[in-house]
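In what follows, a single structure is set out as structure tokens and then discussed.
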Amino acid sequence: MSGRRVVVFPSVAELGSTLAQLVSSRAEKALNTGASFSLGLSGGSLVSILSKELPAVPNLDCSRWLIGFCDERLVPFTDPESTYGLYKNQLFGKISIPEERILAIDPSLPVQECADDYAGKLSKAFNTEQIPVFDMLLLGMGPDGHTCSLFPDHPLLQCSIYPTYYTILLILPLSYLCVMGNVIFKAPILKQVLEGGEGPALPAALVAPRQGELFWLVDEPAAASLTSQVERPGPGARL
Ligand SMILES: O=C1O[C@H](COP(=O)(O)O)[C@@H](O)[C@H](O)[C@H]1O
């Protein structure tokens, strides 16, 4: 891994547009050398940010993208807790990605079958029996330091794909990662995640891709108490 970059933005608006540019530039890079660009999406605040900013990227071509979900709740797509459902309503129609290139769970299945079915979809799409390596994962961090439905002290932190009571998740050590922290109530936990603290490492602190890049994109309020090195790019800067 080439090192973690913590990038601080004046507000979520600037963070969002840089995130969209970052996704688009890494997609272009992947597509220059490979047949597709695989992107893992998370839920939470990321949905509205991406849905606003990604369609605004000029000349975005998503026809060779492959989209999966870093974590997903086992609820119908019409449920507001369904991450796929939210993206379907807010984003997918605006970026012209072929439907068959979006890997969603089958919410009609019981949880274990749903996890097995999703693992099968991933194997087929990535043409591998191994854990698939996405080109890029976008994660969020909750106010308790959880990411990807991995809550502090969760016994499943070592697993690759695991069913829990209501969530199917696809876990950390894959490829390029981008973690987003925003809003002020995350400031204390962000400091603990990035700069250490007492007790076992929080789930978001375990995020470390085997290769490639790791970005933490945060807004000024969330970064308020950081003392470690951060970047503050000027307007329009690209990562
Ligand atoms: O529970 C979850 O929360 C995280 C963080 O969400 P945010 O709204 O604080 O950004 C999210 O990334 C994850 O997908 C979701 O399951």
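Indexing begins at 1, ligand by ligand and atom by atom, following the structure's order. This one's a predicted model, so the numbers in the text were calculated from it and none came from an experiment.
Close approach of ligand 1 to Arg73 (heavy-atom distance below 4.0 Å) involves ligand atoms 1 (O), 2 (C), 15 (C), 16 (O). Counting atoms of ligand 1 from 1 in the listed order, those under 4.0 Å from a heavy atom of Ser149 are 16 (O). Per-residue contacts place Ser42 under 4.0 angstrom from the following atoms of ligand 1 (heavy atoms of the residue considered): 12 (O), 14 (O). For ligand 1, the atoms closer than 4.0 angstrom to any heavy atom of Asp71 are 13 (C), 14 (O), 15 (C), 16 (O).
Taking the side chain as every heavy atom from C-beta outward, Leu19 and Leu46 approach each other to under 4.5 Å. A heavy-atom distance below 4.5 Å is not found between the side chains of Gln229 and Val6.
A side-chain contact (heavy atoms from CB on, under 4.5 Å) with Tyr84 holds for exactly one of Ile102, Asn89, Val75, Leu41; it is Ile102.
Aromatic ring pairs are classed by plane angle as parallel below 30°, tilted from 30° to 60° and perpendicular above 60°; the pair Tyr87 and Phe69 is tilted.
Atom CD of Glu100 sits in a crowded spot, with more than 12 heavy atoms from other residues, nucleotides or ligands closer than 6.0 Å.
The shortest N/O to N/O separation between Leu46 and ligand 1 does not fall below 3.5 Å.
With distances taken over non-hydrogen atoms, the option nearest atom 10 (O) of ligand 1 out of Gly142, Ala204, Ser45 is Ser45.
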